[in-house]
Amino acid sequence: MKVGVPKEIKTHEYRVGLTPGAVREYVAAGHSVLVETDAGAGIGATDENYRNAGATVANSAGEVFASSEMIVKVKEPQPSEWARLRENHILFTYLHLAPDPEQAKGLLKSGCTAIAYETVTDAQGGLPLLAPMSEVAGRLSIEAAGAALKRYAGGRGLLIGGVPGVQPSRIVVIGGGVVGAHAARMAVGLGAEVTILDRSIPRLRELVELFEGRVRTRFSTIDSVEEEVFAADVVIGAVLIPGASAPKLVSRGMLRSMRKGSVIVDVAIDQGGCFETSHATTHADPTYEVDGVIHYCVANMPGAVPFTSSQALNNATLPFGLALANKGFAAVLENPHLRSGLNVYRGRLTYKAVAESLGLPFSPIEQAAA
């Protein structure tokens, strides 16, 4: 198969769909790879590195899209990229369609087959292509919170871990999944006082064992969320409903009872955010203030550490990408985990949670592919 890797064009996005090492794997499997010039610049990979790995280097994104059957990216396609997608394309990337109706319309109009990293599953029911970026984002969320807490940034002027004789910051993590666990790990390591809220009792038990009593856990209810958020210096939004828009767990009204200069980091912003006052920001302008509360809502947090992120992402996506390159759409029909990743197929939405979030018709893959 002809596999194309365009340069990412989202603001301050430095990751790359295929690293030179991953390209070698595709080439060894008998596929041809076309990489846009400077696509790997953000991770220090030169065009020559890609040529040495067996790729051909294209002068433009237009050439990549026109000459490829499968497009491998990192972030959701931007408007100029929707226009280049065709019915013969398989798009393999993060999509996060639920809060993005314009992108959904663009993909539906293109007729392409779009497989979303964030809804591909594994045998354990996990999300193996979302997990590595969730790990990165969870850890980065505490770094972001620490920066936003500084007084010159508008924060309360707190050091996350405090010092002997001075109380550390109080960090509340809403959601005990991959993002939440890694955020808590970083926060505990810095000496913060950490509480994790989740609606799964078994997961809360796992977290108690994982952290050996170093975090507080609470079952997530309206009351417990309010109590913890009002007393927090930092709130990390780490909730996830696969494919669907994130639930709004903290309202605008609740902000008025939060501490002035406290910080919200909404890691769920790719799925619309779990705070009512969240809207996506960029690494160029990452924060804003509402009612005295600092909001950090960068929609591509792992893009800030592209070398780590690209390597981790490629490690996870490689077997699935090779399966698609080897068998094309047949791989989706044969592999239930890739089938879970299928969001768009020839003008139809094939992921129920996405269709429901967007208020558009849902077509089961059996019906869409008939």
Checklist line | For Thr19, the option from Asn315, Asn314, Leu313 that meets side chain to side chain contact (heavy atoms under 4.5 Å, CB included) | finding: Asn314

Check: Lys7 pairs by side chain to side chain contact (heavy atoms under 4.5 Å, CB included) with which of Thr37, Asp38, Val16, Val64?
Finding: Asp38

Check: Where do Lys75 and Arg15 land on the side chain to side chain contact (heavy atoms under 4.5 Å, CB included) test, with the steps shown first?
Finding: CA-CA 9 Å; Lys75 288 304 292 178; Arg15 290 172 288 180; 3.3 Å; yes

Return all side-chain donor-acceptor pairs below 3.5 angstrom for residues 259-266, not counting sequence neighbours, or 'none' if the list is empty.
{"from": "Arg259", "atom 1": "NH1", "to": "Ala231", "atom 2": "O", "distance (Å)": "3.3"}
{"from": "Arg259", "atom 1": "NH1", "to": "Asp233", "atom 2": "OD1", "distance (Å)": "2.8"}
{"from": "Arg259", "atom 1": "NH2", "to": "Ala231", "atom 2": "O", "distance (Å)": "3.4"}
{"from": "Lys260", "atom 1": "NZ", "to": "Asp291", "atom 2": "O", "distance (Å)": "2.9"}
{"from": "Ser262", "atom 1": "OG", "to": "Arg259", "atom 2": "O", "distance (Å)": "2.7"}
{"from": "Asp266", "atom 1": "OD1", "to": "Ala268", "atom 2": "N", "distance (Å)": "3.1"}
{"from": "Asp266", "atom 1": "OD1", "to": "Cys274", "atom 2": "N", "distance (Å)": "3.3"}
{"from": "Asp266", "atom 1": "OD2", "to": "Cys274", "atom 2": "N", "distance (Å)": "3.0"}
{"from": "Asp266", "atom 1": "OD2", "to": "Phe275", "atom 2": "N", "distance (Å)": "3.4"}
{"from": "Asp266", "atom 1": "OD2", "to": "Ser278", "atom 2": "OG", "distance (Å)": "2.6"}

Next item on the list: Could you check Leu91 against Lys73 for side chain to side chain contact (heavy atoms under 4.5 Å, CB included), going step by step and ending with a plain yes or no?
Entry: CA-CA 8 Å; Leu91 174 65; Lys73 282 177 43 61; 4.3 Å; yes

How far apart are the closest heavy atoms of [X] and [Y], and which atoms are they?
X: Glu36; Y: Val57; value: C-CG1, 4.5 Å
X: Ile196; Y: Phe211; value: CD1-CE1, 4.2 Å
X: Pro20; Y: Ala53; value: O-CB, 3.4 Å
X: Arg199; Y: Ser220; value: CZ-O, 3.4 Å
X: Ala98; Y: Leu358; value: O-CD2, 3.2 Å
X: Tyr351; Y: Gly243; value: CE2-CA, 3.9 Å

Next item on the list: Look only at the side chain of Glu69 and the backbone of Ile90, and say whether a donor-acceptor pair between them is shorter than 3.5 Å.
Entry: no

Checklist line | Heavy-atom donor-acceptor pair, His31 side chain to Lys2 backbone, under 3.5 Å | finding: no

Sub-4.5 Å side-chain heavy-atom contact between [X] and [Y]:
X: Gln78; Y: Gln103; value: no
X: Tyr117; Y: Thr317; value: yes
X: Ile71; Y: Thr93; value: no
X: Pro128; Y: Phe320; value: yes
X: Val173; Y: Thr195; value: no
X: Met258; Y: Val235; value: yes
X: Asp270; Y: Tyr94; value: no

Notebook entry, point to check: Any idea how Tyr345 and Phe329 line up, ring-wise: parallel (<30°), tilted (30 to 60°), or perpendicular (>60°)?
Noted result: parallel

Next item on the list: Please lay out, stage by stage, how Thr119 and Asn343 fare under the test side-chain hydrogen bond (donor to acceptor under 3.5 Å, both in side chains).
Entry: CA-CA 8 Å; Thr119 62; Asn343 279 212; 3.2 Å; yes

Checklist line | Over 12 foreign heavy atoms within 6.0 Å of CD, Glu48 | finding: yes

Next item on the list: Evaluate whether atom OH of Tyr288 has more than 12 neighbouring non-hydrogen atoms of other residues, nucleotides or ligands under 6.0 angstrom away.
Entry: yes

Between [Y] and [X], is the closest basic N to carboxylate O distance under 4.0 Å?
X: Arg203; Y: Glu206; answer: yes
X: Glu193; Y: Arg170; answer: yes
X: Arg218; Y: Asp223; answer: no

Check: In terms of side-chain heavy atoms, does His96 have a donor or acceptor partner in Glu76 at a distance below 3.5 Å?
Finding: no

Margin query: Checking Thr282 against His12: is there a side-chain donor and acceptor pair closer than 3.5 Å?
Written below: no

Notebook entry, point to check: What about Val120 and Val3, same hydrophobic cluster or not, with Ile/Leu/Val/Met/Phe/Trp/Tyr joined at side-chain heavy-atom distances under 4.5 Å?
Noted result: yes

Note to self: When you group the ILVMFWY residues by side-chain heavy-atom contacts below 4.5 Å and let the links chain together, are Ile236 and Val290 in the same group?
What the structure shows: no

Notebook entry, point to check: Are Asn88 and Thr113 close enough, and set up right, to give a side chain to side chain contact (heavy atoms under 4.5 Å, CB included), and what steps lead you there?
Noted result: CA-CA 8 Å; Asn88 65 304; Thr113 298; over 6 Å; no

Notebook entry, point to check: For His295, which of Thr277, Thr281, Thr287 qualifies under side-chain hydrogen bond (donor to acceptor under 3.5 Å, both in side chains)?
Noted result: Thr277

Margin query: Before you tell me yes or no, could you show the steps for Glu334 and Lys327 under salt bridge (Lys or Arg N to Asp or Glu O under 4.0 Å), namely the whole-Å CA-CA distance, both residues' side-chain angles and the distance that decides it to 0.1 Å?
Written below: CA-CA 9 Å; Glu334 294 174 8; Lys327 296 187 176 182; 2.8 Å; yes

